[in-house]
Each structure stands twice: as C-alpha cells, then as structure tokens.
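First the structure, in the form of structure tokens, and then the observations on it.
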Protein chains: 2
Amino acid sequence: MGKATGAKPNGSVTSHDIARLAQVSQATVSRVLRDDPKVRPATRERVMKVLAETRYEPNAAARAFRAGRADSIGVVVARLSYQLYPAMLEAIGAQLARLGRRMIVWDSDHGGDAPAIRALRQGVVDGVILTAATSESEFLREVPAEGSAVVLLNRIVADYASDQVSSDNLDGGRRVAEYLVACGRKRIALIGGIPRASTIRDREQGFRKALDRLGVGLPPHYYFRSENFTHANGEQAVTRLMELASPPDAIFCVNDVLAMGAMDGARARGARVPDDLWIVGYDDIEIASWGAYDLTTVRQPMERMVGQAIDLLLSRIDKRDAPVAHKCLANELVIRGSTGRQSPPAAASRKKPRP
Amino acid sequence: MGKATGAKPNGSVTSHDIARLAQVSQATVSRVLRDDPKVRPATRERVMKVLAETRYEPNAAARAFRAGRADSIGVVVARLSYQLYPAMLEAIGAQLARLGRRMIVWDSDHGGDAPAIRALRQGVVDGVILTAATSESEFLREVPAEGSAVVLLNRIVADYASDQVSSDNLDGGRRVAEYLVACGRKRIALIGGIPRASTIRDREQGFRKALDRLGVGLPPHYYFRSENFTHANGEQAVTRLMELASPPDAIFCVNDVLAMGAMDGARARGARVPDDLWIVGYDDIEIASWGAYDLTTVRQPMERMVGQAIDLLLSRIDKRDAPVAHKCLANELVIRGSTGRQSPPAAASRKKPRP
DNA sequence: CCCGATAATGTATTCGTAGTCATTTCCGGT
DNA sequence: ACCGGAAATGACTACGAATACATTATCGGG
C-alpha cells in the first residue's frame, strides 16, 4: 500500500477525475472552472454536471501554488476587548468577503506583526492590513516598505512608506475643545495616555492646540496621563482630577472606555454627569449610546476607512510600484447626554481646517 | 519576455536557490528546513547561514500543496458586537497561535457557514470551529458529519454527529433561579429570546424547571420573549414588565446585554437597582463588572471551552474516525451589585447535579 | 588498512492546477 | 463538396517543497 503523500481534503477528486468522467481534457475542466469563455456551451454543461455530481472542489493549495496568489488578506488586530476593534474587524471581514477574499487574523498581543509579515513573505496572504502595531520598529525591520502589500489602518507611521488610512485625530481633538469652550465650560481637563500610538497623540495635540488658540489652555494639573486605556484607568484618573481644589467641569477622554471609567468613577464620588461634570469620549463604540453612559463622543467613519484601506491594499497588490497614499478622513462629533445634549452656539462651527 | 507564472511573494528565492548557494542538494535544504536530524551539523550550519543571508521564506502554497495540510484553522463567528464573541475569538486566536496554526475568520452574518465549509473542502483550512450557526440546516447539508474536522463551540446540535463543546446552560439557569429564590425574591421574571440557539433554550429551561421545583414557578406574564439580544430589546422588555400591576422584584436576562438594557430601562422609569429590582445577566462580559452596571451574572469557562474545542479539533484532524465527543463544562455564578452583592444562605448550595 | 554498517547526501518524482502551444473541429462562403 | 479562418479542445509542462529511494561518505572493529 503506497502511503498517500497527504490527506486530500476533498476525498481525492481532482480535475483529472472530472475530465475523465466528462470525457474531456483536464485543461477543459480548468477552463470551465475559471469561466473561460472559449468552451462550447454543450461541453461546459457536461463538465458542470460532473462537477456537481462529484461535489468537486478545487484544491486550494494547488491553485494558490500555481496561480501565485492566495486570495487571502491578513489582518493584524489588537485589544479585541475594546469594542471599536471588533467592529472594525467585522467591517473588514464583511468587505473582504464581498470581494471574494479570505481574512486571516492575528492578534498583535501575541507576537506583534511578525507572524503576519512572515505570512506575507511566504505567500500565505496577498497583503496585510495592520490595524495596530505594538512595536512599530518590529515590522519596519522586517518589511522593506518598497511596494510591500501592507496598509496601515487607523494608524500613521510617518517614516514608513506604506499606504496608510486614518481619520483626522487632530481635528477630532480640536472639535471637542471648541465644543466645550463654546458651551461655556471653564475648567477643562484631559485624560490621555502614553502616546505609543500616533492616533492618541494627535487627539491630545489637537485638543491642546485648540484650547490654547481659544485662550483657555490646559494647565498641567488638568492633564492626566494614564498607563493604558481601560475602564479602571479612567476611574483612577477622574479620582485624581476630582481631588483637586478646583475640580474640572469638563473632561475629554481620548477614548470611550476611559470616558466610561471616568464617568463611573465620578458618580462613585457623588458627582452627577452632566450636571456637575461633562464628559466626552472618543470612538463612539456601541455602548456609548446606552442609557447608563449616553456619552458625547467623536465618531470615526469606520466603514469608509476600511473601504479605503482595502482599496489601497488591493491596488497595491496589483501594482506594486504605484506611489503610496495617505488617506485621512473627517470625523463627526456626536452629542449626547454626558454633555447635557447641548449643541454649540452657531458661532462655534466657523471653519474647517484640513491639516 | 516570458511572463512569470505567478508573483513570487519572496522575491523568487526558492529552496533550489538556497541549495545552489550552500552547495548542497535541494533535498538537504528541505531537511534543514524541517529540522530533520539526519543532517550533519556542519552542513546544517552552512545551509542556515545561506537561509539567513537570503532571508528565505518557504513558499507556503507549495508546502501546503505537497504536505496536504494548510496549518490553518477556520473559525466562524457571529455578532462581534456582543463582547463575549470577540473575547472568544481572542482566546481562540491566542491558543491557535501557540500551536502554530493560523486562524481564518468568517462572520456568519455574511453567508453563514457555507464559506467556511467550502474552505474546508478545498483544503484552505484543516478544520473548522463553528461558534455560531445561523441556519443549522445549511451546513448539515454540506458536510457529512462522518469524521469531518468540524467542532461546534458554545452550541449544541443534538442531531449532528460532530464534536461539540459548550458550558452547562441548563445548570446555569438553575443556579440563577436557586440564587434568587434563596435570597427571598418573590416575583421573579425572565427575559428570554427566540430560541434559535440551543444555549438560550437551555438557560431558560434550566431556570424555569428550577423555579417549578422550588414551588415558585414562572407565570406567563413574567416571561418576555425578545426578538433579538440587544440593549434596546432589554429596555423594551423591562418596560413591559414594569407596567404590570405587580411588577417583578427580580429579572433574569439570558444574556448580559439584555440585562444592561433592562437595567437602563428600569432606571429610566425611576426604579433603583438593586433596591427596587434585582437584575441578573448571563455571560459575564467585561462591562458587566463596570460601575454603571455591576451586574450579577453567570460566567462560562471560556478559556477552557476554547481549549477543549481546539483539542478535539486537532485530534479529529489526526484521527478522523475517533468517536465524537460532547463536552459540557460547569459555569459559575458571579454575584455583584445588581443583586445587592447578596450571597445565598448556605442552604442554597446543597447539590451539584451533572446532567 | 580494509570491510561493513550506518549516517549523510543526492537524484528523481510527486502533488493538482493553470497556463502555452499544438491540434482538431466547426462553420460560413464559395 | 471544399477551403480558410476562427473556435474549441487536447497534450504537455511548470510551479516549489517534500520524500522514497539510490548513492556516497564516514567511522569503528578486526
């Protein structure tokens, strides 16, 4: 008994078997499979009949091997515990599925980008969407930026020459600042984080700059830099801010979970939101709209960002040497109960800078 | 110019190139790559040097083709908007990564199980974990249960002969009922859902049976069957229940998001939790522990369930004709503020049935 | 120092598909 | 009926890694 070289996933039905049964050549079977127009309808039908009867499925490995592409796209995600990221993953998956591509997922918490980059080099995937890069240097070493099928989504790495898509975080921070000031908030605080991600840095910077420009400014004691972006961090941060002699009357948190932590922490100390304290988040995750939080926040155009990223990636796979593109989409301030549902006076929405 | 047959992902470095550069045969290169012990250390070193210099990566398609396996596992997920599922996906991804397997993800909201099953038959993946099956019949048709590398996670389909892993939902429902009764709740209600998933059915049934057994029972007007499992559904449900002449003093919701919706809805109507109303959820998603909800709920042993599912799947891939296994793990009641942090009197924890 | 056993390495082949190129079939116009 | 050109089909091969089998190198014991 000759030991089979490998398990045939399909019960060993190959295009040759189909050819024999349909009394055509294997080449013709291949043509039918690939919808090649130069097959006579009668022949096509005969082959299709056999294909259906045998429940044939082409061997994907052989096909990928021969065709030189995998029809799969790699996606590196992180922190799936933060609702924004599953939502993004869902959007990516849906759009890729619509385009007939499979999605291979890696969590950067376990090995960073390296496994995805290796998969790209091995041809497991045709391209990679990096939605988070734990240590940016890691993949910078691995991939020569030159024409690599890599796109950064929701992240900007200025010195890396790949396609990149994000929303305008500077502008998002600016919007929040202008909104709070326009609504008459006087003591405005910021809960930020270790700026390992450019997105966070930009939100903070846009916020600060706008406050400066509006003559309000952000005193150091009104800035809290949390280690991570968790609910507990938000609670901790708000506790500190409320211990101040003159506690803030509004806090901008650079993401929604921090904001919810801040809200829970503030309430635990007896403060009422929004009566005593306004809180603004960032991302508009699903929970933000729920009654318990009803959080004013900044919404990123997720679907469009994903669409752009995928477009860029597929174009790049097609044409490796096209110039790289950096897309930056506009955000939207969603006003809810955590700021008393108060719209800004008309004057506030005066200009729309595009940095 | 001869058109290249396919894009070589690696810049066209093949094991033959390595062989030439290291002055050995391609077979020896392959042996080094696969850690075959019968290569002399000196030779191995020479080859490894060239491998490193050229930054060679084996062509995954060719390897998969030849070896007959993809080293990838498919995972079908659904409703990533419900935090439990990203958490599960994260656990699956981490464990698969540790075992050197890639994870291809499909969202059953877009095409059901069919794409995953097709991928299995094409050899794109070596096995499939189904964490949700929109329409069970769909894949029942497609896959002969006989020895297919398919495992159901968090779902039981009694008449389908595949490996299956879940937690004991009947027992989970029972625990909640016994807890509420033991703590003296008198008017106990249930917010359930359309039972298209066996898990939900079991939670409800375990809850009902225990109430019956304890002589409390569940009157029809204390049962609300919601269409879906969203926050809005929970709000709607609790509104109905609170309109009753004699509103409940405790509500069990078959998942956490329903429970949070119920809590927000109850508060919106002026009820205080837990003073006026106890609420219990199911799943212990991350938010359940946050201050705004602080929800008593039932926690499933997610990591262990995932581990079991992967074990079963990999065993099955290895040994197609082993008898199928149905694993059912025990749950845990997590008591929090939504039930006043009240522990049940000792008498309540009398027996541990294993159905 | 040679023999035989064993370790190390090389040679040749295989996997299934999708191409290229060669050949046959078809069909309309005469 | 015949011819020519186009359409349809078939024969053959390449892709890259892994492995069975063949061959060569190595080394210990006599």
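Residue numbers begin at 1 in each chain, while the letters A, B, ... track the order of the sequences. Keep in mind that the numbers below use all heavy atoms, side chains included, and drop hydrogens, waters and symmetry copies.
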- Query: Within this structure, what is the CG-to-P distance between A/Asp36 and C/dA18, rounded to whole angstrom?
  - Reply: 11 Å

- Query: Atom CD of B/Glu45 and atom C1' of C/dT9: how far apart are they, to the nearest Å?
  - Reply: 18 Å

- Tell me which nucleotide among C/dG19, D/dA18, D/dG16 gets nearest to the side chain of B/Leu33. D/dA18

- Message: Using whole Å, what does the distance between atom P of nucleotide D/dA17 and atom CZ of B/Arg66 come to?
- Response: 12 Å

- Message: Please confirm whether the shortest side-chain N or O distance from B/Arg63 to OP1 or OP2 of D/dA18 is below 4.0 Å.
- Response: yes

- Message: Any side-chain N or O of A/Ser15 below 4.0 angstrom from OP1/OP2 of C/dG16?
- Response: no

- What string of B, S and - do you get for nucleotides 6-11 of chain D 5' to 3' if you count protein non-hydrogen atoms under 4.0 Å? --SBBB

- Expressed in angstrom and rounded to an integer, what is the separation of B/His16 atom NE2 from D/dA14 atom P? 13 Å

- Between B/Glu45 and B/Lys49, is there a salt bridge with N-O shorter than 4.0 Å? no

- Item | A/Phe65 over C/dT17, stacked by centroid distance under 5.5 Å, angle under 30° | no

- Query: What distance separates B/Leu89 CG from B/Met103 CE, expressed to the nearest 0.5 Å?
  - Reply: 4.5 Å

- Task: In whole angstrom, give the distance that lies between atom CG of B/Asn59 and atom P of D/dA18.
- Result: 10 Å

- Message: Treating B/Gln300 as the side-chain partner and B/Ser166 as the backbone partner, does any N or O pair qualify as donor plus acceptor under 3.5 Å?
- Response: no

- So does B/Asp35 pair up with B/Arg44, basic N to acidic O under 4.0 Å? yes

- Query: Side-chain N or O of B/Tyr56 less than 4.0 angstrom from OP1 or OP2 on D/dG16?
  - Reply: no

- Item | Residue pair B/Trp106 / B/Ser108, side-chain heavy-atom distance below 4.5 Å | no

- Task: Give the nucleotide from the list C/dT17, D/dA17, C/dA18 with an atom nearest to the side chain of A/Arg34.
- Result: C/dA18

- Item | Distance below 4.0 Å between B/Ser30 side-chain N/O and D/dA18 OP1 or OP2 | yes

- Using side-chain contact (heavy atoms from CB on, under 4.5 Å) as the criterion, point out the one residue from A/Leu96, A/Val165, A/Val128, A/Val151 that pairs with A/Leu313. A/Val151

- Task: Evaluate the side-chain proximity of B/Arg69 to B/Ile317: yes if any heavy-atom separation is below 4.5 Å, no if none is.
- Result: no

